[in-house]
Amino acid sequence: MKPAAIAGIVLPLVLAGCHPGDKPAGKIGPMPATDSLQRERQITKAQHGHILTNTRVWSPDGEWIVYDVRSDAAGDVFDGTRIEMVHVRTGEVRVLYESQHGARCGVATFHPHEMKVVFILGPENPTPDWSYNAYHRQGVVVDTAKPGVANNLDARDLTPPFTPGALRGGSHIHVWDSAGEWASFTYEDHVLARFKEPGPDHEMNSRNVGVSVPARPVRAGSDHPRNHAGDYFSVLATRTTARPKPGSDDIMRAFEEGWIGTNGYVNSEGKRQRRALAFQGQVVTDRGETISEVFVADLPDDVTRLGDGPLAGTETQMPRPPRGTSQRRLTFTAGRRFPGIQGPRHWLRTSPDGSRIAFLMRDDKGIAQLWTISPNGGVARQLTHNPWSVASAFTWSPDGEHIACVLDNSVFAFDAQSGLGSRLTPRSADDLAPRPEACVFSPDGRAIAYVRRIEAEGGPFNQVFVVFIKE
């Protein structure tokens, strides 16, 4: 068996996931030599929180990492007031944005080619009826050369007649496609949030997936104080229902999406589908269980055209996807011992060529493994066969040869063909283990960013770490 190479480093082969000195047994995989396990570096040291988004945290040149300063370990408490970036080599920190008037901000990602970031901004001057929640937030963009100046990504219009291209609620986790043209997001609807139970005369608010495109700026009416304009035209890409038919492809929620490929994928007819999103969709099985499956939304080139209903929705209906949008289910796992997508919270990520969508699912032993499936459907392939569950979100290397994630309290890189794993950081104690929220390859594939929670004089704080695969 030949050694495995990761970003130019040749790594010796030992048991995948074994600790140094353990007797090899079972599946064989690569592990770096001892000196390779010493390339980890703590990048931030300030005594406050540091939260990485699950993808696109590196600047296009690979010199900076962007993060927010939410205080709790997982970032579940949305209390951050700054977006910052840190220089990977020098540790220099620059504040890109500081929220004002009681607003909070977080979940930042870089543009793939330009020095600008997009992130969530909560409401300024929050009130009891308009405080931060899933349908009271928006996406804003800051150029790193103009810190503090935020431009609205999406527009908002909360009063009828609703404006096509504007949202009526909140957007979340904005990620540009590889071309840096369109941005995906998850969405919840303020207008429908007033309904607490499903009814025959109205739809319910539910999480959906949408896209913002630079088709034209969108202006909203001034008849609501929370309306605002946006630079991008925003639409939903998915359809949900509050009462899915058991055993059908109806979904209750669409979430944890990812762009397919750097230039889409080749469909079953041999044609290139330029833009598409893979996402998790919640279905109801014949037995009445709610599980998540892999879905795809194929997107048209022009998202401004009316589909089977108003792009902006109505007072009782969710906004409708544009004409030419197609929503398809890829996995059917209800009959498995552990059905549905399972494991830590993660976003579906695809190989750069768009041929494989990666997700987590438990094997028959209950261990969360990496699996892949074609965007054209077919049989899902189990990629890894680890003795421990994958414990984090994951990303593909830019060349498509490896997938980075956390398991057994270490950062690993797995060969995307063989599934063999390379331990890149020493196994740490449980309280110092890499956090599950992010494990992100750099644009050149030479480093991986993640977070550890480190004790300090003021208490434990999340700190940004990087393991350099090749310097």
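Across all their heavy atoms, Y67 and E84 have their closest contact at OH-OE1, 2.6 Å. Scanning both residues, S99 and A103, for their nearest heavy atoms gives OG-O, 2.8 Å.
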Can you list the steps and then say if W259 with S178 is a side-chain contact (heavy atoms from CB on, under 4.5 Å)? CA-CA 8 Å; W259 289 104; S178 294; over 6 Å; no

Could you walk me through whether H385 and I367 pass the side-chain contact (heavy atoms from CB on, under 4.5 Å) test, one step at a time? CA-CA 9 Å; H385 297 78; I367 299 173; over 6 Å; no

Show the numbers, then the answer: is there a side-chain hydrogen bond (donor to acceptor under 3.5 Å, both in side chains) between D353 and S351? CA-CA 5 Å; D353 67 1; S351 56; 2.7 Å; yes

Dump the intermediate steps for side-chain hydrogen bond (donor to acceptor under 3.5 Å, both in side chains) on D298 and Y265, then the final yes or no. CA-CA 10 Å; D298 293 325; Y265 70 97; 2.7 Å; yes

Run the side-chain contact (heavy atoms from CB on, under 4.5 Å) test on M85 and L96 for me, step by step, so that the C-alpha distance in whole Å, both residues' side-chain angles and the decisive distance to 0.1 Å come before the verdict. CA-CA 7 Å; M85 66 179 186; L96 300 181; 4.0 Å; yes

side-chain contact (heavy atoms from CB on, under 4.5 Å) evaluation trace for H113 with W176: CA-CA 10 Å; H113 311 301; W176 274 290; over 6 Å; no

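Within the 4.5 Å cutoff, no side-chain heavy atoms of N208 are placed close to those of T186. By the 4.5 Å heavy-atom criterion applied to side chains, Q138 and L121 are counted as neighbours. Using a 4.5 Å heavy-atom cutoff, the side chains of V440 and I65 are not in contact. At least one side-chain heavy atom of R453 sits under 4.5 Å from a side-chain heavy atom of N462. For the pair Q327 and F279, the minimum side-chain heavy-atom distance is below 4.5 Å. Proximity of Q280 to R253: side-chain heavy atoms (C-beta onward) are nowhere separated by under 4.5 Å. For the pair T144 and R94, the minimum side-chain heavy-atom distance is 4.5 Å or more. The shortest distance between side-chain heavy atoms of K116 and V118 does not fall below 4.5 Å.
With sequence neighbours left out, R156 forms a salt bridge (Lys or Arg N to Asp or Glu O under 4.0 Å) with no residue at all. Legend: residues meeting side-chain hydrogen bond (donor to acceptor under 3.5 Å, both in side chains) with E188, ordered by chain and number and at least two apart, are N205, R207. Remark: S428 pairs with N409, L432, A433, P434, R452 by the side-chain contact (heavy atoms from CB on, under 4.5 Å) rule, at least two apart or across chains. Listed by chain and residue number, nothing satisfies the salt bridge (Lys or Arg N to Asp or Glu O under 4.0 Å) test with E257 (two or more places apart in sequence, or in another chain). Not counting sequence neighbours, the partners of Q342 by the side-chain contact (heavy atoms from CB on, under 4.5 Å) test are F338, P339, R362. Every residue two or more places apart in sequence or in another chain that forms a side-chain contact (heavy atoms from CB on, under 4.5 Å) with H190 is listed here: W130, Y135, H136, L158.
Counted by atom type alone, D399 and S397 present one or more donor-acceptor pairs between their side chains at under 3.5 Å. Side-chain N/O atoms of D68 and Y97 include no donor and acceptor closer than 3.5 Å. No side-chain donor from either of S212 and D154 sits under 3.5 Å from a side-chain acceptor of the other. For the residue pair N54 / R349, a side-chain donor-acceptor distance below 3.5 Å is found, with atom types taken as modelled.
No donor-acceptor pair under 3.5 Å is formed between the side chain of Q417 and the backbone N or O of G419. Put simply, the side chain of T109 never gets that close to the backbone of T55: no donor and acceptor are under 3.5 Å apart.
Interatomic distance, OG of S292 versus CD1 of I251, reported as 9.5 Å (0.5 Å rounding). Atom CG of residue D249 and atom CD of residue E293 lie 9.0 Å apart, to the nearest 0.5 angstrom. Distance CG/D364 to CZ/R336: 6.0 Å, rounded to 0.5 Å. Distance CZ/F468 to CZ/R89: 4.5 Å, rounded to 0.5 Å. Taking CG of N263 as the start and CG of D177 as the end, the distance is 9.5 Å to the nearest 0.5 Å. Interatomic distance, W64 CH2 to F110 CZ, rounded to the nearest 0.5 Å: 8.5 Å.
The aromatic rings of Y450 and F465 lie parallel to each other, with less than 30° between the two planes, well short of the 60° mark. Between Y187 and F185, the ring planes lie perpendicular to each other; the angle is over 60°, past the 30° to 60° tilted range.
With R56 as reference, V175 is the one residue of T395, V66, V175 to meet the side-chain contact (heavy atoms from CB on, under 4.5 Å) rule.
For K365, the NZ atom sits in a loose shell: 12 or fewer heavy atoms of surrounding residues, nucleotides or ligands are nearer than 6.0 Å.
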